[in-house]
Amino acid sequence: MSDILETIVARDPNEKEFHQAVQEVLETVQPVLDRNPEYRRSAVIERITEPERVILFRVPWVDDQGQVQVNRGFRIQMNSAIGPYKGGLRFHPSVNLSILKFLAFEQVFKNALTTLAMGGGKGGSDFDPKGKSDNEVMQFCQSFMSELCRHIGPDTDIPAGDIGVGAREIGYLFGMYKKLTNEFTGVLTGKSLGWGGSLIRPEATGYGCVYFASEMLATKNDNLEGKTCLVSGSGNVAQYTVEKIIELGGKVVTLSDSSGCIYDEEGIDKDKLSFVMRLKNLRRGRISEYIDKYSEAVYTEADSTLDYNPLWSYKADCAFPSATQNEINGKDAQNLVNNGVQLVAEGANMPSTPEAIDIYLDNKLLYAPGKAANAGGVAVSGLEMAQNSMRLNWPREEVDNRLKIIMKSIHQSCIDAATDYGQQGNYVAGANIAGFVKVVNAMLDQGLV
Ligand code: NDP
Ligand code: 2IT
């Protein structure tokens, strides 16, 4: 297997996030390959690690000063064996091919776990929406969609949100797609409720992650009531993770953004969460403003000279990383263990480094990798597609119930696949193996395409 990874690294030596995601999957699916020699003969690893198509394009737009700006746009159409490409768009200055390939690769397995018919894709731009006016964001989104529109469609590729892409951006992207194609179709998910969106889609990733955590705790006859929880980030995923933890009787004591983190020993209650939602979603402010309103909380500025993140060194029972990739390193993971954390459920994609994951597994934590724990978001996107196709809207309870059933089913698939391959309780192995087998079998059925 290491020879395949070596070839992948040699081919694209600068794609370290992609290599990290591939390495984790390759290590855990080795026993599947050993049991199925056909997989080797059919070069399934070489095929599943190579995107079906990579689209890279120029995105020119005019800022409010009349200055022309140029960003780079991407769409990685990774794998369509079990359905049309599906996955979010990320707008963040750090976006590059490596980050989007890792996200698209993870998406393939995640989508397979949801039980719905969705292949994997991811896209985005190095455009930074922070500090831009609504007009600038619209100009950018329209230019971005003027190229992307020819590559997507409701049965081909259905983008959605991710970091930096929320309801506002989806609205501008959808408007431009509709104008250019003269079609009102479910080509994007995460739409607003009045024009094709699904109830529970905004909540789905955070709620789903907490449902998954509850399933893991239930295997130990435990639940979230009275548990102290660390949550990172303060965007879409973090906000609804906090909302559901509060509802289930847990106490959340941290939130963050890229500038720093807050610690509120009393717990972030419903009122404080409403303040954070208004601050982040309407005013687009910084989390540091939390302590102006709630002076009992402490704010710690992010410090890139530190080799750990202070957010992960508070005493707690559970951790829900919900910001970005590699936000928990080995030292952070050790801090979590030393401070009593027994459960890590990843709302973000690949937030833990390989060293951190080893520490969770060595210490027998209940650890849910992102591709299982945060699959609720894309799952409800799949339900949004289904509603769009039927031209119907399901009520809130119906979507939430389906989300619960899907998260339960993903949890069970992880347990079953891990057990089948002698890795009881290892959700990393379980998620990778269950997703891999489903996609690879579909690829083999469909021949060499
Ligand atoms: P948002 O843009 O709503 O929020 C992102 C949050 O993470 C912000 O608080 C942001 O802070 C912080 N953040 C982003 N980049 C960094 C960074 N490099 N360093 C530190 N903090 C950072 O995004 P989402 O909540 O939608 O996404 C969060 C994570 O969840 C991502 O990993 C995403 O891939 C994943 N995810 C999202 C899903 C969804 O449905 N939205 C579904 C499944 C996974 P700041 O404002 O300072 O940038
Ligand atoms: O990482 C993810 O699963 C998402 N950003 C959501 C993708 C989607 O299509 O809803």
Just by distance, do the side chain of Asn329 and the backbone of Asp332 share a donor-acceptor pair under 3.5 Å?
yes
Please round to the nearest 0.5 Å and tell me the distance separating atom CD of Glu346 and atom CD1 of Ile357.
6.0 Å
Under 3.5 Å, is there a donor on one side chain and an acceptor on the other for Asp400 and Tyr211?
yes
Just by modelled atom types, is the Ala348 backbone N or O under 3.5 Å from a matching donor or acceptor in the Asn374 side chain?
yes
Pair Val187, Ile158 - check side-chain contact (heavy atoms from CB on, under 4.5 Å), show working.
CA-CA 5 Å; Val187 69; Ile158 306 92; 5.7 Å; no
Taking Ser133 for its side chain and Glu136 for its backbone only, find out whether a donor-acceptor pair lies under 3.5 Å.
yes
Smallest separation among heavy atoms of Ser322 and Gly347, with atom names
OG-CA, 4.3 Å
With sequence neighbours left out, the residues meeting salt bridge (Lys or Arg N to Asp or Glu O under 4.0 Å) with Lys122 are Asp162
Go through the steps to decide whether Ile82 and Met118 satisfy the test side-chain contact (heavy atoms from CB on, under 4.5 Å), and finish with yes or no.
CA-CA 6 Å; Ile82 63 167; Met118 297 182 290; 5.9 Å; no
Treating Thr156 as the side-chain partner and Ile152 as the backbone partner, does any N or O pair qualify as donor plus acceptor under 3.5 Å?
no
Aromatic ring proximity, centroids under 6.0 angstrom, Tyr172 and Phe140
no
Minimum side-chain heavy-atom gap Phe320-Ser232 below 4.5 Å:
no
Here the gap from Met385 atom CE to Asp155 atom CG, rounded to the nearest 0.5 Å, amounts to 8.0 Å
NZ/NE/NH1/NH2 to OD/OE distance under 4.0 Å, Lys191 and Glu384:
yes
Flag the pair Glu147 and Arg75 as a salt bridge only when some basic side-chain nitrogen lies within less than 4.0 angstrom of an acidic carboxylate oxygen.
no
Please check: side-chain N/O of Thr254 versus main-chain N/O of Tyr263, any donor-acceptor pairing under 3.5 Å?
no
Determine whether the aromatic ring centres of residues Trp61 and Phe127 are separated by less than 6.0 angstrom.
yes
Does Gln107 reach the side chain of Met78, with side-chain heavy atoms less than 4.5 Å apart?
no
Just checking Phe144 against Phe57, ring centres under 6.0 Å apart?
yes
Taking the side chain from Lys438 and the backbone from Ala434, do they hold a donor-acceptor pair closer than 3.5 Å?
no
Distance alone, cut at 3.5 Å: any donor-acceptor contact between the side chains of Asn281 and Gln239?
yes
Report the C-alpha distance between Phe105 and Val25 in whole Å, list the side-chain angles of each, state the deciding distance to 0.1 Å, and finish with yes or no for side-chain contact (heavy atoms from CB on, under 4.5 Å).
CA-CA 10 Å; Phe105 184 71; Val25 169; 3.7 Å; yes
Check for a donor-acceptor pair, side chain of Glu15 on one end and backbone N or O of Ser98 on the other, with a separation under 3.5 Å.
no
Nearest-0.5 Å distance, CD1 of residue Ile245 to OH of residue Tyr207:
12.0 Å
Pair Glu289 + Lys293: basic N to acidic O under 4.0 Å
no
Between Arg396 and Glu203, does at least one N-O distance fall below 4.0 Å, as a salt bridge requires?
yes
Taking all non-hydrogen atoms of both residues, which atom of Pro129 and which atom of Gly164 are closest, and how far apart?
CG-O, 3.6 Å
Worked verdict on Arg286 versus Ser258 for side-chain contact (heavy atoms from CB on, under 4.5 Å):
CA-CA 9 Å; Arg286 308 303 298 160; Ser258 52; 3.3 Å; yes
NZ/NE/NH1/NH2 to OD/OE distance under 4.0 Å, Lys280 and Asp257:
yes
Please check if the side chain of Gln20 supplies one atom and the backbone of Lys16 the other of a donor-acceptor pair under 3.5 Å.
no
Would you check if the side chain of Asn426 reaches a backbone N or O of Ala429 as a donor-acceptor pair within less than 3.5 Å?
yes
Between the SG atom in Cys261 and the CG atom in Leu230, the distance rounded to the nearest 0.5 Å is 9.5 Å
Mind checking whether Tyr360 and Tyr427 have ring centres under 6.0 Å apart?
no
Going by distance alone, is a donor N or O of one side chain under 3.5 Å from an acceptor N or O of the other, for Ser80 and Glu52?
yes
Student check: side-chain heavy atoms of Cys209 and Val237 closer than 4.5 Å
no
How far apart are the closest heavy atoms of Val344 and Leu365, and which atoms are they?
CG2-CD2, 3.9 Å
Heavy-atom check, side chain of Tyr177 versus side chain of Thr181, under 4.5 Å:
yes
Closest non-hydrogen atom pair, Gly119 against Asn111
O-ND2, 2.7 Å
Correct closest heavy-atom pair for Ile170 and Leu188 would be O-CD1, 4.0 Å
Interatomic distance, CG@Leu444 vs CD@Glu38, rounded to 0.5 Å, equals 6.0 Å
Assign the ring pair Trp195 / Phe174 to parallel, tilted or perpendicular, where the plane angle (0 to 90°) is split at 30° and 60°.
tilted
Cationic N near anionic O, under 4.0 Å, Lys371 to Glu106:
yes
Evaluate salt bridge (Lys or Arg N to Asp or Glu O under 4.0 Å) for Asp157 paired with Lys86, printing each intermediate quantity in order.
CA-CA 6 Å; Asp157 185 353; Lys86 178 82 194 92; over 6 Å; no
Indicate whether any N or O donor in one side chain lies under 3.5 Å from an N or O acceptor in the other, for Tyr39 and Asn441.
yes
For residues Ile76 and Leu97, determine if any side-chain heavy atom of one lies less than 4.5 Å from a side-chain heavy atom of the other.
yes
Whether the side chain of Gln77 engages the backbone of His151 through a donor-acceptor N/O pair (distance < 3.5 Å, no angle test) should be reported.
yes
Going by an N to O cut-off under 4.0 Å, is there a salt bridge joining Lys101 and Asp12?
yes
Under 3.5 Å, is there a donor-acceptor pair between the Tyr314 and Asn335 side chains?
no
Any luck finding a side-chain donor-acceptor pair between Thr185 and Glu183 under 3.5 Å?
no
Grab the two heavy atoms, one from Met443 and one from Ala81, that are nearest each other, plus how far apart they are.
CG-CB, 3.6 Å
Salt-bridge criterion met for Asp126 and Arg72 (N-O under 4.0 Å):
no
For Arg11 and Glu50, what are the C-alpha separation, side-chain angles and deciding distance, and is it a salt bridge (Lys or Arg N to Asp or Glu O under 4.0 Å)?
CA-CA 11 Å; Arg11 190 176 270 171; Glu50 190 66 14; 3.3 Å; yes
Interatomic distance, CD1@Ile99 vs CG@Asn349, rounded to 0.5 Å, equals 11.5 Å
